Every structure is written in structure tokens, then in C-alpha cells.
Amino acid sequence: MQIVTVASKAYSDQRPGTSGLRKSVVTFQQEHYLENFVQSLFDVLDGYVGKTLILGGDGRFFNLTAIQVIIRMAVAAGFGRIVVGHDGLLSTPAASHLIRKNKAFGGIILSASHNPGGPDGDLGIKFNTANGGPAQEALTEAIFQHSLKIAHYHFADIPEVPLDCIDQHSFGHTIIDVVDPVADYAQLMQELFDFSAIKSLIDNGFQVCFDAMHAITGPYAKKILGEQLGINQENLLNCEPKADFGGGHPDPNLTYAHELAERMLSDTAPDFGAASDGDGDRNMILGRQCFVNPSDSLAVIAANATLIPAYKNGLSGVARSMPTSAAIDVVAKQLGIDCYETPTGWKFFGNLLDANKITLCGEESFGTGSNHVREKDGIWAVLCWLNIVAVKKQSVSEILLAHWQRFGKHVYTRHDYQGVETTSAKNLVEHLLNNLINLSDKQFDNYTIKTADEFSYTDPIDGSISEHQGIRLLFKNGARIIFRLSGTGTSGATLRVYIEDYCTDSNQYNENTQSYLKPLIHIADKIAGIKMHTGMKIPTVIT
Ligand code: G1P
Ligand code: ZN
């Protein structure tokens, strides 16, 4: 086996964002682009020779091409074993589990999560470390710095590895195992949840509908929800992974999972609906004519966690990303456990999970997870809800209402302004930052600002500091408005505005969220000049 060294030229745009390096497919197709990033990764890592690498992706366009490139480079780098998903498929949480189970050095996951796929869509590459979680900022920054000066990369001159059958191959000192992407993960789910309680719920006529959005969770849903739990095939929608996600946008929210949303909001809706995203780490939970806000979903799971076998002894603590609503904080307070507030992005939960400071964590962006892996996990969240419903024998809306009656309701929305011109977005942020000092104690309608600041996080485990993590307007009555720019977009800028108010008047629990939050939505525009800076009258997406 020959190792070939190729002279390359560096690119200047390979800084990973909120979740790995995410770019258009066209960007990745540039000469040496993928190879440079992978070689930069291998060059800054240390101690992987002879160790195991987990490799797979969400099946989008370019997934298989990229996997073959990475196999050739990982063989050249001297990995001892490469575990690849059959057909190059692995959901993000399943990859995290395989890293942990195989005590691997780490894993490479190819995905642009919920971004569209296909030749005109996006691709991404993430590296996860030995704990199964996304690489921390210090590592991603080192990769980026290296990528700026990389001059060559190495690959092993080996034939394409057939990924369409489960088999073992060997090249030089490297063994390549092509594995079933679902089996180990399905086994883990069986260990965590009461499958027989969920199965009897379904056998007794509880109707569940799941939408895989033509993305990675299709095979997982067929096996776990279909074969093992007995959900009808016709209620498992879009379960064939497609390279372009069937032309859709694999983001589980009411806008993009519209087929499911229409079903669940109709008069003949099933009892329970759920969807997952491109790489299987996000989830949306719906009841009959009932949408569960992701921040509420996290709080409900935490409040009822002891009903689930894996968490029957209680939670060590919980965490949420800063823009996620404070619903979980109220639950934590009642449970007498710590609640941590981290910057946006799953990588910030890793240290807290590893140190057993927290058991559950989540983000408003349809991400929920626990210490079972080091990624958020869509199918896991669905099973949490089904397990809770099976034990409580209540509908989703009854569970939600009872939760609000006990803890109060955090009325919550996120407004996204996509495709904003980068300079305009930067101007908006700069203008806001310059004004923060003048905002304390200012009153707007019935809301008075308590604190106006830029969020900065000091990791309680390793002391690392992450600055510039979003602008917070915290009001005296508990309401919040948060502004931040997305770190996952691939063109222009996306402004995210998170708006939240705390309500304890049960007569208002059924009020429309946008109307309830109208005064705060106005205040957000008044303070930040959203319309003026973006030139947009309304948000592109509201969740
Ligand atoms: C978005 C979400 C964030 C999530 C990330 C990866 O990042 O807001 O919560 O962790 O996708 O799924 P953003 O585009 O806001 O930087
Ligand atoms: Zn995702």
C-alpha cells in the first residue's frame, strides 16, 4: 500500500461554526477543500495511531464521496480501525454512541444537520472526541489555524471500500468494519426505556405518527418504532433517506415538517406526532392539535424523568443553552438540583455531562438529550415522551397543561431573519452593543430592563471562557429578549431573536403565542431596529 502526498493550497474560510464546518456542497467540491480540512484535523490531533475512528453521515449528496476520501486519509494517518456505517449512514447520536461503546479515539460525522441537501445544498463535517461529543472550541480553532497554512495532505492509494454490505476489510495496518448503523443504538434505547410499556400503549390503540423527512432517522424509526414498538408502517412517513431529502428542508418544525403538522392539527389527528432532522439529533413533539415547544419539552421530560427506567433515581442536574426558555430552571428549582446556562451549541454540555453535573440538557432549537450519549438525540426524545405518556396515561396536551399549572408557563418564540446582508447584521449587533449601557432600568410599556449585557460563559469544569455568545435583555418580571447571529448558516447572516415571557395566569395558557408576546416583539424591534437594519418587515421563520 502506497501513501501519496499531494501538494495543496490553503483556504481561508475553514473556521468551524456552532456545529462543525458547514458550507455549500459547491464549496466542498473545490479542489483539495475537504482534504485540507481533514488533514488539518489529523495534524492537530495527537495519539490516534492504531486507535479507532467512527465514520458516517446523514446520507446527503456528497456523503459517500467524502467518506471514501476520509477513509483513504485515515488509513494513511495510521488509524488502527475505522468503523463505518452501512451505506455510509450514521445518525449523529448513533455515531456518538459508537464512539463511546468502541472506546474510539473519536469520530467524523458528515452532515449539515437541518440544512437542505443535494448538489445545490449544504454539507458539513464535524469531529467528535473520545467522550462522543463535539470537539471543543480550542480544538476547532486549532484546526482552523492549521488550515490557514496547510501545504499538503496524505492519502493511502487503496481501492474504494464497498460500503453497501456489512463486511470487514483490511489495508496495511488498518481494519475497516462496515457496520449496521442501527443495531447498537437500538440496543441502547432498549436499555434506557420501558419498551414493553410503550408497546402496550401502542397495542392498545395509541396512534403515533413519525416523520423522518427523508433523512437519517428513517432506518432507525423503522427498526425501533416500527419493528420493536409496533407502530404501523403507514404512520412512519418519509423513512427512505434521500441524497436531497426529497427536495425538502429536513428541519423538524411546523414550517418544514408540514406533512406531519397538517396531520397532527387535523380533526382526525393521531394521538402523538414527532419528526427528526437531517442527521437525527433534533426532534419536534406534537400531540393531537398540540405543539410542544422544545423548551417546554425539556422541562416536561425533566419533571417526569423518574418515570423512565434510565432516570428512575433522579437527575444530577440539568442544563440549557442561554436562549432556551427558563422553563427548565423552574423545574430544577422545585427538584432542588442545579441548572446550568451554557452558550448555544451542544459542545458546551460535554464537560458538564462528563463530570456528572447534569443528566439532561437541551436547546430551544429542537434539541434534547441526556448523559446516554454526548449529542442531542431525536429518537431518544420521542421515546422519552412515549414512555412518559405510557406511564401517566394522559394525552400530550393534558401533560403539558398539568405542567404549566404546576410550574407556570414560559411563553416563547424565536424569530429568524434569514439571508440578511452580513454588514447590516453586523451593524445591528454593533448598534445594540453600543447601546447596552443606556438600557439598564429603562422602561418599555410594562416591562423594565433589569440587565442588558453580552453573554459570556466560563466553563465550570475546565475554566475556558467563551465570549460574545449573544445579547441579553433581561426584564424585571422574568421576560427576556435575546439577539444572536447564527453560526451554522452558509450564506449571508441569520439574525435570531428569542422572545420569552413568564405567565402564571392559567386563563391565558391557551392564548396564541405571537399575540401574547406582541408587546415584547415590539420592544425588540424598537431597541434593535430590526426592520431598519434588515430591511425585512416580518421574520423569515417563526418557531
Ligand atoms: C443552531 C441552533 C443551535 C444548535 C445548532 C446545531 O445554531 O440555534 O441551538 O446547537 O444549530 O444544531 P445557530 O445557527 O443558531 O448558530
Ligand atoms: Zn441536526
Side-chain angles (χ1 to χ4, degrees), residues 15-23 56-60 90-96 109-117 122-126 128 133-135 137 140 212-213 215-217 220 241 245 249-253 256-257 275-284 294-295 298 319-325 341-350 361-369 373-381 412 414-420 425 429 455 466 468-471 482-498 540-541 543:
R15 174 178 266 141
T18 314
S19 180
L21 180 69
R22 204 174 284 186
K23 298 282 175 194
D58 64 11
R60 66 178 62 224
L90 275 184
S91 78
T92 289
S96 180
I109 305 168
L110 292 151
S111 167
S113 188
H114 50 285
N115 293 18
D122 290 338
L123 183 76
I125 174 166
K126 312 189 267 188
N128 283 29
E137 263 182 353
T140 54
M213 305 189 83
I216 190 68
T217 48
Y220 295 83
F245 307 115
H249 196 133
D251 201 359
N253 57 40
Y256 295 123
S276 191
D277 73 328
D279 62 332
D281 55 0
R282 293 187 175 202
N283 73 89
M284 173 171 69
S295 301
L298 173 65
R320 62 164 170 84
S321 67
M322 183 273 281
T324 303
S325 98
E341 185 178 41
T342 58
T344 297
W346 209 260
K347 57 181 176 254
F348 295 101
F349 296 131
C361 44
E363 297 193 273
E364 53 63 44
S365 53
F366 299 82
T368 333
V373 289
R374 291 295 180 272
E375 288 278 7
K376 55 191 180 239
D377 189 342
I379 296 272
W380 169 91
Y412 187 86
R414 183 177 105 185
H415 288 190
D416 287 344
Y417 295 82
Q418 296 171 334
V420 181
V429 170
F455 184 57
S466 304
H468 315 299
Q469 297 297 326
I471 296 170
I482 314 289
F483 302 89
R484 58 179 285 283
L485 297 182
S486 157
T488 56
T490 53
S491 67
T494 294
L495 170 71
R496 303 202 196 285
V497 187
Y498 311 78
T540 336
V541 177
T543 47

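What you see is a predicted model; the values in this text were computed from it and never measured. Both counts, for ligands and for their atoms, begin at 1 and track the order of listing. All heavy atoms count here, side chains included; hydrogens, waters and symmetry mates do not.
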If we number the atoms of ligand 1 from 1 as shown, the ones under 4.0 Å from a heavy atom of T344 are 3 (C), 8 (O), 9 (O)
Applying side chain to side chain donor-acceptor pair (under 3.5 Å) to E364 and not counting sequence neighbours gives R414
Polar-atom distance check: S486 versus ligand 1, any N or O pair below 3.5 Å? yes
Sorted by chain and number, sequence neighbours left out, side-chain contact (heavy atoms from CB on, under 4.5 Å) with D377 holds for P93, Y185, M189, H372, V373, I379, W380
If you define the side chain from C-beta out and look only at heavy atoms, does anything of W346 sit under 4.5 Å from S19? no
Looking at D251 and R282, is any side-chain nitrogen of the basic one under 4.0 Å from a carboxylate oxygen of the acidic one? yes
Check the orientation of Y256 and H249. Use parallel for under 30°, tilted for 30 to 60°, and perpendicular for over 60°. parallel
Could you walk me through whether K126 and N128 pass side-chain contact (heavy atoms from CB on, under 4.5 Å), step by step? CA-CA 7 Å; K126 312 189 267 188; N128 283 29; 4.3 Å; yes
To which protein heavy atom is atom 14 (O) of ligand 1 closest, and what is the distance rounded to 0.1 Å? T488 OG1, 2.4 Å
Option among S111, P16, S113 that satisfies the side chain to side chain contact (heavy atoms under 4.5 Å, CB included) test with R22: S113
Between L495 and L485, does a side-chain contact (heavy atoms from CB on, under 4.5 Å) hold up when you go through it step by step? CA-CA 5 Å; L495 170 71; L485 297 182; 4.0 Å; yes
Quick test of your reading: applying salt bridge (charged side-chain N to carboxylate O under 4.0 Å, His left out), list the pairs with at least one residue in residues 484-496, sequence neighbours left out, ordered by first then second residue. D416-R496
Checking heavy-atom distances from atom 6 (C) of ligand 1 to each of K376, K347, M322, K126, the winner is K376
Show me which atoms of ligand 1 lie under 4.0 Å from any heavy atom of G487. 13 (P), 14 (O), 16 (O)
Numbering as shown, the atoms of ligand 1 that approach R496 to under 4.0 Å (heavy-atom distance): 8 (O), 13 (P), 14 (O), 15 (O)
Listing by chain and number, which protein N, O or S atoms are under 2.8 Å from the Zn ion (ligand 2)? S113 OG, D277 OD2, D279 OD1, D281 OD1
Indicate whether the side chain of N283 and that of T368 have a donor and an acceptor atom separated by less than 3.5 Å. yes
Could you walk me through whether R320 and T342 pass the side-chain contact (heavy atoms from CB on, under 4.5 Å) test, one step at a time? CA-CA 6 Å; R320 62 164 170 84; T342 58; over 6 Å; no
Heavy atom under 4.0 Å from ligand 1: found in S365's side chain, backbone, both, or neither? side chain
Nearest protein heavy-atom contact for atom 1 (C) of ligand 1: which residue, which atom, what distance? R282 NH2, 3.7 Å
Sub-4.0 Å heavy-atom approach of G345 to ligand 1: yes
Have a look at R414, E363, E364 and point out the one with the heavy atom closest to atom 10 (O) of ligand 1. E363
